[in-house]
2 protein chains.
Amino acid sequence: MQSTLFTIAEPNRFNIIELLKKKPRSVNELVKELNIGQPQVSRHLRILSEAGLVRVNRKAQQRIYSLEPKPFQELDAWFDSFSQLWEERLDQFESYLSNLERKE
Amino acid sequence: MQSTLFTIAEPNRFNIIELLKKKPRSVNELVKELNIGQPQVSRHLRILSEAGLVRVNRKAQQRIYSLEPKPFQELDAWFDSFSQLWEERLDQFESYLSNLERKE
DNA sequence: CATTTATATACGTTGATGCATATATATGTT
DNA sequence: AACATATATATGCATCAACGTATATAAATG
């Protein structure tokens, strides 16, 4: 799951993911919307594919790429586990407030 | 927010974050729990600090590092935006099911 | 079957990043 | 003030990953 994060963090791959989140696209569509060459797009798609983040569907000569939900679910869950962070801080703030009250 | 992701994706920084999530720690505590040298830990903490992911509190010679909640909240929200992915798939599955029923 | 369109791969170059070693700074202790 | 502890920074080196160019494969079309 940590390697998933690494894969997503690369700026171009991040942009590809943002585009694919809206709707599946062919390689050429991605090339037009990004500012990198076709070989780079193909290469990043390959990396995303090997990481299990996208799936491919053939349509004539085109390859239509779309996002694979599972890894994103996992990361979503991981980031949820940080919610304790701000909840604890809120608790601390509340006990600070009740201390104030006691003093008054 | 994308740069935040990039900062987190580095394996050692990821581990540091996992440790700090449990509780704040001094540099030396982190050094003992990770398999890298003190200068590297300090360097990664600096990067995390500049990215606004951690805060420092001095305690004698020690520097106690802890996580800053905001950026994690942001990423949590970003990954939530992917939930549409699997919900849509679920919708498709459901309409597929109701199609089956109609045919029967 | 030759050509066009769509995509993938190979290769060399370059820039970024992490590490180890050495050193600097800051605080505490005697 | 001298020394010890805790942390930060500087530097040189090695590795890795992304890019561009060129080329290969695959499918459609005339």
Side-chain angles (χ1 to χ4, degrees), chain A residues 1-68 71 75, chain B residues 1-68 71 75:
Chain A
M1 188 218 57
Q2 203 231 72
S3 64
T4 306
L5 233 151
F6 188 80
T7 306
I8 296 179
E10 202 282 327
N12 291 311
R13 289 195 288 269
F14 181 89
N15 291 333
I16 290 175
I17 287 172
E18 282 281 55
L19 288 171
L20 293 184
K21 184 166 74 167
K22 295 178 201 154
K23 70 163 207 275
R25 285 154 210 262
S26 72
V27 178
N28 243 320
E29 286 175 308
L30 289 170
V31 171
K32 282 172 199 153
E33 299 180 89
L34 302 165
N35 277 330
I36 54 178
Q38 176 266 315
Q40 280 68 267
V41 174
S42 283
R43 184 153 210 291
H44 284 305
L45 286 170
R46 187 172 200 270
I47 293 169
L48 289 168
S49 176
E50 284 171 354
L53 291 167
V54 298
R55 63 170 18 258
V56 202
N57 285 305
R58 299 194 170 194
K59 188 177 182 180
Q61 313 108 316
Q62 298 185 337
R63 313 288 160 95
I64 310 296
Y65 283 86
S66 54
L67 291 188
E68 198 72 64
L75 279 173
Chain B
M1 187 220 57
Q2 204 233 73
S3 65
T4 305
L5 213 109
F6 188 80
T7 307
I8 296 179
E10 202 281 327
N12 291 310
R13 290 194 287 269
F14 180 89
N15 291 333
I16 289 176
I17 287 171
E18 282 280 55
L19 288 171
L20 293 184
K21 184 166 72 167
K22 296 177 201 156
K23 69 164 207 274
R25 285 153 209 263
S26 72
V27 179
N28 244 318
E29 287 174 308
L30 289 170
V31 171
K32 282 171 199 155
E33 298 180 271
L34 302 165
N35 277 331
I36 54 178
Q38 175 266 314
Q40 281 68 264
V41 174
S42 283
R43 184 155 208 290
H44 285 303
L45 286 170
R46 187 172 201 269
I47 293 169
L48 288 169
S49 176
E50 285 171 353
L53 290 168
V54 299
R55 63 169 20 257
V56 201
N57 285 305
R58 300 195 169 194
K59 188 177 183 180
Q61 313 108 313
Q62 298 185 336
R63 314 288 160 95
I64 310 296
Y65 284 86
S66 53
L67 291 187
E68 200 71 66
L75 278 174

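What you see is a predicted model, and the numbers here were worked out from it, not measured in a lab. Lettering of chains follows the sequences in order, A, B, ..., and the numbering in each one begins at 1.
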* Compare side-chain N and O positions of Asn28(B) against OP1 and OP2 of dT7(D) and report whether any pair is under 4.0 Å apart. => yes
Listed pairs, N/O of protein and of nucleotides 15-19 of chain D, under 3.5 Å:
{"unit_1": "dA18(D)", "atom_1": "OP1", "unit_2": "Arg13(A)", "atom_2": "NH1", "d": "3.3"}
{"unit_1": "dA18(D)", "atom_1": "OP1", "unit_2": "Arg13(A)", "atom_2": "NH2", "d": "3.0"}
{"unit_1": "dC19(D)", "atom_1": "OP1", "unit_2": "Asn12(A)", "atom_2": "ND2", "d": "2.2"}
{"unit_1": "dC19(D)", "atom_1": "OP2", "unit_2": "His44(A)", "atom_2": "NE2", "d": "2.9"}

* Structure fact -> For Arg63(B), the side chain to side chain donor-acceptor pair (under 3.5 Å) test, sequence neighbours excluded, returns none
* Just how far is it from atom CD1 of Ile16(B) to atom CD of Gln40(B), taken to the nearest 0.5 Å? -> 10.5 Å
* CG of Asn35(A) versus C1' of dG20(D): gap in Å, rounded? -> 15 Å
* Asked: Quick one: ring pair (Phe, Tyr, Trp, His ring centres under 6.0 Å) partners of Phe14(B), sequence neighbours excluded?
  -> Trp78(A)
* **Members of residues 56-65 of chain B that approach DNA chain C, where some heavy atom sits under 4.0 Å away** => Arg58(B), Ala60(B), Gln61(B)
* To do: Scan residues 3-19 of chain B for pairs that pass salt bridge (charged side-chain N to carboxylate O under 4.0 Å, His left out), counting only residues two or more places apart or in two chains.
  => Glu18(B)-Lys21(B)
* **Residue pairs involving residues 24-54 of chain A (criterion ring pair (Phe, Tyr, Trp, His ring centres under 6.0 Å); sequence neighbours excluded)** => none
* To do: Report the distance from atom CG of Leu45(B) to atom P of dC19(C), rounded to the nearest whole Å.
  => 12 Å
* Structure fact -> Across all chains, not counting sequence neighbours, the side-chain contact (heavy atoms from CB on, under 4.5 Å) partners of Pro39(B) are none
* **Pro11(A): side-chain contact (heavy atoms from CB on, under 4.5 Å) partners, not counting sequence neighbours** => Gln2(B)
* Once you round it to whole Å, what is the distance between P of dT7(D) and CG of Leu34(B)? -> 13 Å
When the side chains of residues 28-38 of chain A are checked against the rest of the protein, which donor-acceptor pairs come out under 3.5 Å, sequence neighbours left out?
{"unit_1": "Glu29(A)", "atom_1": "OE1", "unit_2": "Ser26(A)", "atom_2": "N", "d": "2.8"}
{"unit_1": "Glu29(A)", "atom_1": "OE1", "unit_2": "Ser26(A)", "atom_2": "OG", "d": "3.4"}
{"unit_1": "Glu33(A)", "atom_1": "OE1", "unit_2": "Arg25(A)", "atom_2": "NH1", "d": "2.9"}
{"unit_1": "Glu33(A)", "atom_1": "OE2", "unit_2": "Arg25(A)", "atom_2": "NH1", "d": "2.5"}
{"unit_1": "Gln38(A)", "atom_1": "NE2", "unit_2": "Ser42(A)", "atom_2": "OG", "d": "3.0"}

* Between dT5(D) atom C1' and Glu29(B) atom CD, what is the distance in whole Å? -> 15 Å
